[in-house]
Chemist: 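Structure below; questions to follow.
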Amino acid sequence: MKLRKFYINTIGCQMNVYDSAQMASVLKQKNYQPCDSFLTADLIIVNTCAIREKAEQKVYSFLGRLTPLKKKNPGLKVVVAGCVAQQQGVRITERFPQVDLVLGTHMVHRLPEFLEAIEAAAQPLIETGMTKTIGEPASAIEKQASGHDVSAFVTIMRGCDNYCTYCVVPYVRGREISRRPESILGEIRALVAVGVREITLLGQNVNSYGVKEGMTSFPELLTMVNDIEGLERIRFVTSHPKDLSDDLVSAFGNLEKLCNHIHLPVQSGSDRILKKMNRRYTRSEYLEKIDKLRRVSPDIAITTDFIVGFPGETDADFLDTLTLMETVQYDTAFAFEYSDRHEAPASRFSDKISGPVKNERVQRLFALQKEITRKNRRLLEGKVFSALIEGESRNQLKKSGTSAAVQLAGRTSENRIVNFDFPCHWGIDFDLLKGQTVNVEIVDVLSNSLRGVLTRRQIEYLKSKGGHSHVA
Ligand code: SAH
Ligand code: SF4
Ligand code: F3S
């Protein structure tokens with residue numbers, strides 16, 4: 001059978017990254033191989049995101065670019081997967097006749113069978129049915145074949161039952177459902193066996209893992225994952241503040257593999273807006289949880305998401321958001337301008353905020369966070385962190401030619417990137433270093449990264465071991 005080439009364009013959150021890895025994995029087992037450019041592919045998959053209008057527009061502009069390609073190569077197959085596929089269904093093929101398959105968010109594992117079906121079909125296929133069970137993932141198999149990622153995502157649950165009034169996720173990902181712990185643990189063990197050292201557990205609200213099913217709770221699951229030999233680090237996203245339990249807070253003190261970072265999206269600092277958003281916590285309840293976390297782990301890195309310009313947001317509400325940002329002192333923060341999603345109830349709320357006002361507010365929020373980040377990161381200078389080496393730094397990859405040192409990128413437990421030089425004359429194979437944890441002292445603070453140097457002790461240790469080392 002002819003080997004065919006596929007290209008996946010992934011837009012959106014880690015869930016989509018995970019699903020794209022699943023699709024790549026099943027395709028490789030079916031005589032497809034990945035290629036670097038969609039221009040030379042026989043199969044193009046765009047895995048889409050519907051969270052904001054901009055993300056959705058990105059999908060349509062990409063699909064538009066495929067029209068001439070399909071004319072040139074009628075054998076080319078185009079698949080639209082993910083959240084826009086689920087949301088728009090047949091409207092996609094009506095607007096873009098070049099699309100052969102619309103694959104909903106619950107249908108990812110059935111991709112090969114639908115690909116076979118479109119070979120024979122005269123009409124495009126629309127497969128957006130939703131299921132009540134989660135299929136077994138294929139990513140571990142894929143990693144076994146490739147085996148060069150230090151860090152991997154593992155989905156532990158699907159969907160969301162929270163219905164924040166601005167959000168499309170419950171409509172495009174369906175009801176919340178948790179995977180069985182044995183299945184999750186099996187996947188992580190398989191990943192560790194092929195060299196993965198860090199895993200990020202994924203769910204829209206990991207705090208409610210297992211609750212509906214009456215299974216293991218999320219802190220219990222973390223304890224089980226913590227016991228997996230060979231795994232070094234555990235992360236998770238996302239945590240809904242209303243469900244952040246005391247047990248989970250304690251896990252930051254008890255579980256040595258759990259990283260010293262939490263992403264805790266607040267969305268707004270105003271109680272009035274939080275209520276309209278249906279977030280089901282108040283500003284003071286949120287701040288109380290932040291205090292609890294810092295009591296257990298004083299230097300924990302806390303990051304967040306904000307939405308600015310939610311319908312009805314006044315200057316006073318926005319000021320509450322600014323003061324909350326100042327109070328919490330986030331490590332970093334995302335801020336999004338509110339975007340109407342027609343399924344979500346907020347799209348029908350009155351008092352919409354104009355584009356320029358939203359933009360002005362989001363800029364003010366960015367500016368304040370930039371100041372906070374810069375001020376707090378200065379305090380890291382001279383401190384030593386253990387960094388998991390992910391590979392060459394971005395600067396290094398941009399550089400050409402040879403030099404005396406190669407710049408490597410590691411990630412601290414707090415989820416900060418630290419770049420440091422590694423001299424070439426030590427004769428240590430860089431591939432051996434990937435996935436290792438080393439001690440790095442911070443010497444400089446840049447806008448998006450930290451610069452460090454290996455500690456003297458670490459250098460001696462690495463040299464003595466010829467590169468086979470962990471923290472000295
Ligand atoms: N489950 C996660 C977030 C998923 S969406 C949680 O509960 O926090 C990621 C982020 O996108 C959200 O935190 C929110 O800040 C933003 N977002 C979601 N819907 C949006 C909308 N309609 N307009 C602007 N930003 C939105
Ligand atoms: Fe969306 Fe809210 Fe669910 Fe997060 S918790 S996915 S913001 S509905
Ligand atoms: Fe986007 Fe779907 Fe994720 S809407 S943010 S890709 S769950």
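Read the numbers this way: they start at 1 and go in the same order the structure lists the ligands and their atoms.
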Chemist: Just checking Glu113: does its CD atom have more than 12 heavy atoms from other residues, nucleotides or ligands closer to it than 6.0 angstrom?
Modeler: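 Yes, CD of Glu113 has more than 12 neighbouring heavy atoms, counting only those of other groups under 6.0 Å.
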Chemist: Quick one: does Gln204 get within less than 4.0 Å of ligand 3, heavy atoms only?
Modeler: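 Under 4.0 Å: yes for Gln204.
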Chemist: Please output the residues near ligand 2 using a strict heavy-atom distance under 4.0 Å, listed in chain and residue-number order.
Modeler: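 Protein residues near ligand 2 are Cys160, Asn162, Tyr163, Cys164, Tyr166, Cys167, Val169, Pro170, Gln204, His240, Arg279.
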Chemist: Can you work out which protein residues put a heavy atom within less than 4.0 Å of ligand 1?
Modeler: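 Answer by chain and number: Ile51, Arg52, Tyr166, Gln204, Thr238, Pro265, Gln267, Arg279, Asp305, Ile307, Phe336, Glu337, Tyr338, Ser339, Arg341.
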Chemist: Step by step, work out the side-chain hydrogen bond (donor to acceptor under 3.5 Å, both in side chains) result for Thr373 and Arg377.
Modeler: CA-CA 6 Å; Thr373 303; Arg377 292 214 165 172; 5.8 Å; no
Chemist: Assign the ring pair Tyr171 / Tyr163 to parallel, tilted or perpendicular, where the plane angle (0 to 90°) is split at 30° and 60°.
Modeler: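 Rings of Tyr171 and Tyr163: perpendicular, over 60°.
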Chemist: Mark yes when over 12 heavy atoms from residues, nucleotides or ligands other than Phe334 sit less than 6.0 Å from its CZ; otherwise mark no.
Modeler: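 No, the 6.0 Å shell around CZ holds no more than 12 heavy atoms from other groups.
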Chemist: Using only heavy-atom distances, determine whether the side chains of Gln267 and Asp305 contain a donor-acceptor pair under 3.5 Å.
Modeler: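 Judged by distance alone, the side chains do not pair up.
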Chemist: Can Gln14 and Tyr18 be counted as having a side-chain donor-acceptor contact under 3.5 angstrom?
Modeler: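 Not at all, the side chains of Gln14 and Tyr18 share no donor-acceptor pair under 3.5 Å.
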Chemist: Please determine whether the number of non-hydrogen atoms from other residues, nucleotides or ligands lying under 6.0 Å from atom CD of Glu182 exceeds 12.
Modeler: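 More than 12 heavy atoms, drawn from other residues, nucleotides or ligands, come within 6.0 Å of this atom.
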Chemist: Do His263 and Phe236 make the cut of ring centroids closer than 6.0 angstrom?
Modeler: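 Distance test on ring centres: not under 6.0 Å, no.
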Chemist: Ile45 and side chain to side chain contact (heavy atoms under 4.5 Å, CB included): which single residue from Thr10, Leu103, Leu27 fits?
Modeler: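 Answer to the side chain to side chain contact (heavy atoms under 4.5 Å, CB included) test with Ile45 among Thr10, Leu103, Leu27: Leu27.
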Chemist: Applying salt bridge (Lys or Arg N to Asp or Glu O under 4.0 Å), name anything that partners Lys358, two or more places apart in sequence or on another chain.
Modeler: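 With neighbours one apart ignored, the set is empty.
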Chemist: If you measure only the distance, is there a donor-acceptor pair under 3.5 Å linking the side chains of His342 and Ser347?
Modeler: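 No, because no side-chain N or O of His342 sits under 3.5 Å from a partner of the opposite role on Ser347.
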Chemist: Tell me, yes or no, whether the heavy-atom count around Lys375 atom NZ, taken from other residues, nucleotides or ligands under 6.0 Å, exceeds 12.
Modeler: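 Check passes, neighbour count above 12.
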Chemist: Measure up the Tyr286 and Tyr330 rings against each other and bin them: parallel (under 30°), tilted (30 to 60°), perpendicular (over 60°).
Modeler: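 Rings of Tyr286 and Tyr330: tilted, as their planes differ by 30° to 60°.
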Chemist: Can you list the protein N, O or S atoms less than 2.8 Å from atom 2 (Fe) of ligand 3?
Modeler: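 Counting only protein N, O or S atoms under 2.8 Å from atom 2 (Fe) of ligand 3, the list reads Cys83 SG.
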